[in-house]
Amino acid sequence: MTSLVLPQDPPPSLGLPRTQRPTFHCVEFCSTMAQLKQFHSQIIRLGLSTDNDAMGRIIKFCAISESGDLNYALKVFDKLPHPDAFIYNTIIRGYLEAQLTRNCIFFYFRMLQDSVAPNRFTFPSILRACCMDNATEEGKQIHAHVLKFGFGEDLVSQNNLIHMYANFGRLGEAQRVFDKIHQPDVVSWITLITGYSRLGFVDQAYKVFSLMPERNSVSWNAMIAAYVQSNRFHEAFAVFDRMRAEKVELDKFVAASMLSACTGLGALERGEWIHGYIESRGIEMDSKLATTVIDMYCKCGFLEKAIEVFGGLSQRGISSWNCMIGGLAMHGQGEAAIQLFKEMEKEVVAPDNITFVNLLSACAHAGLVKEGRYYFRYMTEVYGIEPKMEHFGCIVDLLGRAGLLEEARNLIDEMPMSPDAGVLGALLGACRIHREIELGEKIGKQVIELEPHNSGRYVLLANLYAEAGRWDDVATVRRLMNDRGVKKVPGFSVIEMDGVVNEFIAGGRGHPQAKEIYDKVDQMLESIRPAGYLPDTDGVLHDIEEEEKEHPLYYHSEKLAIAFGLLKTKPGVTIRISKNLRVCKDCHNATKFISKVFNREIFVRDRNRFHHFRNGECSCNDYW
DNA sequence: ATAGGGTTAG
């Protein structure tokens with residue numbers, strides 16, 4: 001497709017009816033700018049350099065196609081005496097795709113100034129530009145234009161208005177636009193559902209979802225994703241089951257959402273089922289889906305399988321590498337993470353800042369201080385990546401855990417930005433481990449004021465006080481939380497059994513076999529006492545109230561889940577638990593003893609990492 | 001007859 005002859009004879013005349021004029025389809029066969037320029041010059045030689053029909057096609061290629069050149073499009077545009085709406089729309093679209101949203105808006109107003117009436121194709125792009133630019137004023141104004149120019153009935157424009165208002169956080173406006181549509185289509189519904197969900201109104205999203213007259217896989221997925229993103233995994237499963245019951249096939253989007261739900265719960269068996277489905281149905285494994293699968297196996301504790309899937313990928317995008325390195329980090333396999341990083345470099349995949357977050361956190365979790373320091377410098381020196389907040393967080397974590405609190409503090413002082421709650425929280429955690437009460441207190445108060453609504457920050461300081469036996473101060477922190485109306489996130493643990501996800505909350509009696517399970521906990525804790533287990537009540541604020549101090553420690557959610565696991569599985573079978581908070585000191589200690597006395601491997605995934613308990617020891621080396 | 005909208009990682 002290198003030479004294409006344009007009709008030269010007779011020379012086209014602008015006065016001819018459309019059917020008799022030359023067509024310019026040749027431009028649509030272009031794949032490079034060089035080819036396009038050839039056609040362009042031929043067309044100019046035909047005397048058509050100011051012909052909208054011809055130039056519109058040239059501009060379309062330059063402004064929108066992958067291999068185009070927006071500046072060239074603009075040059076062509078500047079030579080046109082009377083560009084038509086198509087051409088303006090195309091340039092606006094080009095700016096949009098180049099993410100030059102201010103220029104989109106600017107160009108739209110220029111279009112109006114040039115007295116070219118916008119058409120129904122104009123508004124979707126310009127509304128998206130307003131959306132991306134957070135241009136609320138212009139957005140409202142353009143909404144008025146949509147109506148004024150008579151496109152109040154155009155569905156695509158209305159759907160984009162819904163999208164835009166939702167993005168602005170103006171759900172009332174979004175709903176009003178939706179309500180005015182005579183026949184909303186599936187996209188209108190989905191846009192509204194996603195709008196509610198992204199702003200955290202999941203129940204409202206569900207109300208809309210349940211009103212939909214017809215649903216396709218995209219709408220099912222919008223609802224599933226809404227639940228997954230708000231950590232309501234059981235509800236995601238419920239919607240998924242309904243979708244299956246209605247015989248809707250899952251596509252790669254639904255598969256990805258459901259894998260995330262499995263990841264969130266630590267539901268390995270169900271995750272394996274989805275993965276098997278993807279393979280047997282030949283659902284396309286793009287790099288995003290591959291990353292989701294690998295992430296599921298990592299976070300559900302099946303690291304070997306994650307490595308296998310990773311190894312089998314024909315294309316390894318940066319995110320696959322990052323995910324795998326992060327998985328090794330989470331399992332405390334620092335050396336392996338570094339090995340993998342070196343392999344990545346060998347395959348000439350350029351690491352990005354996330355790669356280094358994961359690599360540094362691998363060093364931190366494995367206590368590889370020397371290596372961590374090395375790669376922190378390496379990142380900037382070799383790849384020119386300036387450390388961001390997260391990188392400082394990793395290094396502070398690394399140094400702090402290793403007891404190098406002074407160095408961690410100095411690093412914080414030298415940071416180019418002021419430390420956020422995450423960075424200071426890392427230092428605070430280190431203070432608790434190393435019983436640096438005074439420094440910890442100072443940092444703890446700072447952290448709380450940085451994130452006064454994050455209950456975890458209060459818990460950390462309270463635990464530090466508890467560590468020092470300062471019970472009055474523990475009470476003060478709790479009072480502060482109460483006064484501010486900050487609710488502690490309830491801790492829960494889940495264990496999957498024959499594909500059923502069993503969820504436990506501390507002291508909860510909701511499980512049908514509660515009696516049996518609680519008896520098992522008592523028996524379990526009695527049998528580890530002779531081996532040396534002593535209950536440790538320091539971490540009390542973790543799950544419970546003061547007056548219940550002594551007792552419910554025994555009934556922390558992970559103890560219930562482990563007891564259930566012992567009850568329901570054959571001797572020797574590995575027990576896998578995942579919980580939403582960090583595992584407390586007492587549970588960690590107890591689990592070590594359980595692994596020895598009951599001769600079981602126990603995997604516990606907590607908020608931060610994996611703990612692999614075996615024969616009385618934990619893979620984290622008590623380093624968490 | 002050239003153009004527009006919805007869902008997925010880390």
Side-chain angles (χ1 to χ4, degrees), chain A residues 18-19 21 23-25 27-28 52-61 63-64 84-94 96 118-128 131 146 151 154-164 166 181 184-195 197-198 212 215-226 228-229 250-261 263 274 278 283-296 298-299 317-327 329-330 352-355 357-358 361 390:
Chain A
R18 181 168 281 280
T19 45
R21 297 182 47 195
T23 54
F24 305 96
H25 293 301
V27 171
E28 275 143 45
N52 281 345
D53 203 357
M55 291 305 120
R57 288 162 213 273
I58 297 281
I59 288 171
K60 180 190 165 197
F61 179 88
I64 292 176
D84 60 14
F86 173 76
I87 290 172
Y88 280 94
N89 293 348
T90 307
I91 299 275
I92 291 173
R93 183 71 203 248
L96 182 68
N119 61 19
R120 68 199 163 98
F121 295 108
T122 310
F123 295 106
S125 312
I126 190 70
L127 290 170
R128 292 196 93 74
C131 191
V146 171
F151 300 106
D154 181 60
L155 255 184
V156 182
S157 296
Q158 304 314 300
N159 291 345
N160 273 294
L161 280 167
I162 298 172
H163 185 98
M164 179 187 77
I181 302 175
D185 65 2
V186 67
V187 179
S188 322
W189 288 96
I190 292 164
T191 309
L192 192 60
I193 290 170
T194 311
S197 136
R198 295 241 162 106
M212 282 187 83
R215 304 189 184 97
N216 60 13
S217 68
V218 182
S219 40
W220 284 101
N221 187 49
M223 198 58 236
I224 292 170
V228 172
Q229 280 150 18
L250 55 161
D251 57 15
K252 66 173 172 177
F253 294 100
V254 177
S257 297
M258 287 313 299
L259 284 167
S260 301
T263 305
I274 308 268
I278 291 169
I283 292 177
E284 182 208 352
M285 262 282 222
D286 60 15
S287 74
K288 276 187 185 175
L289 188 55
T291 306
T292 315
V293 172
I294 294 168
D295 196 44
M296 184 276 292
C298 287
K299 292 194 177 143
I318 172 100
S319 52
S320 307
W321 288 96
N322 289 350
C323 174
M324 200 58 244
I325 292 172
M330 208 174 355
D352 63 8
N353 61 327
I354 297 170
T355 315
V357 170
N358 292 348
S361 100
E390 294 92 320

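Nothing here was measured: the structure is a model prediction, and the numbers come from that model. So you know, we letter chains A, B, ... as the sequences are listed, proteins then strands, and number each from 1.
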Could you check which of B:dT8, B:dA3, B:dG6 has an atom nearest any side-chain atom of A:K288? B:dT8
Scan A:R198 against the nucleic acid and name what it touches under 4.0 Å (heavy atoms): base, sugar-phosphate only, or nothing. sugar-phosphate
Minimum side-chain heavy-atom gap A:I224-A:M258 below 4.5 Å: yes
Nearest to the side chain of A:T291, which nucleotide is it out of B:dG10, B:dA3, B:dG6? B:dG10
When all nucleic acid strands are considered with a 4.0 Å heavy-atom cut-off, which category describes A:S287: base, sugar-phosphate, or nothing? nothing
Rounded to the Å, how far apart are A:M330 CE and B:dG10 P? 10 Å
What nucleic acid atoms does A:V357 come within less than 4.0 Å of, heavy atoms only: base, sugar-phosphate, or nothing? nothing
Side chain of A:S319 only, heavy atoms from C-beta on: which candidate in B:dG6, B:dA9, B:dT2 is closest? B:dA9
Can you tell me the distance, in whole Å, between the CD1 atom of A:I181 and the P atom of B:dG6? 14 Å
Is any side-chain N or O of A:N216 under 3.5 Å from a base N or O of B:dG6, one able to act as donor and the other as acceptor? yes
How many Å lie between CG on A:D53 and P on B:dT2, as a whole number? 10 Å
Hey, does A:R120 reach any base, or is it just sugar-phosphate, or nothing, if we go heavy atoms under 4.0 Å? base
In whole angstrom, give the distance that lies between atom NZ of A:K60 and atom P of B:dT2. 8 Å
Does any non-hydrogen side-chain atom of A:F253 lie less than 4.5 Å from one of A:S217? no
Which part of the nucleic acid does A:N322 contact within heavy-atom distance under 4.0 Å: base, sugar-phosphate only, or nothing? nothing
Which nucleotide wins on minimum distance to the side chain of A:F253, given the candidates B:dG10, B:dT2, B:dT7? B:dT7
Between B:dT8, B:dG6, B:dT2, which nucleotide has the shortest distance from any of its atoms to the side chain of A:R128? B:dG6
Proximal nucleotide (of B:dT2, B:dT7, B:dG6) relative to the A:N221 side chain: B:dT7
Measuring from atom NZ of A:K299 to atom OG of A:S260, what distance do you get when rounded to the nearest 0.5 angstrom? 9.0 Å
Looking only at the side chain of A:T292 (C-beta and beyond, no hydrogens), which of the listed nucleotides B:dA9, B:dT8, B:dG6 gets closest? B:dA9
Search all heavy atoms of A:V186 against all heavy atoms of A:S219 and return the closest pair with its distance. CG2-OG, 4.3 Å
Taking the side chain of A:D295 as heavy atoms from C-beta outward, which of B:dG10, B:dA3, B:dT8 is closest to it? B:dG10
Spacing of A:M324 atom CE relative to B:dG10 atom P, expressed in whole Å: 14 Å
Interatomic distance where CE belongs to A:M296 and P belongs to B:dT8 [whole Å]: 19 Å
Roughly how many Å is it from CD in A:E284 to C1' in B:dT7, rounded to a whole number? 15 Å
Atom pair CD1/SG of A:I354 and A:C323 - distance to nearest 0.5 Å: 11.0 Å
Closest of B:dT8, B:dG10, B:dG6 to the A:I190 side chain is B:dG6
In whole angstrom, give the distance that lies between atom CZ of A:R93 and atom C1' of B:dA3. 8 Å
Heavy atoms from C-beta onward define the side chain here; which of B:dT2, B:dG6, B:dT8 lies closest to that of A:H163? B:dG6
side-chain contact (heavy atoms from CB on, under 4.5 Å) partners of A:R120, counting only residues at least two apart: A:F151, A:D154
OP1 or OP2 of B:dT7 under 4.0 Å from side-chain N/O of A:Q229: no
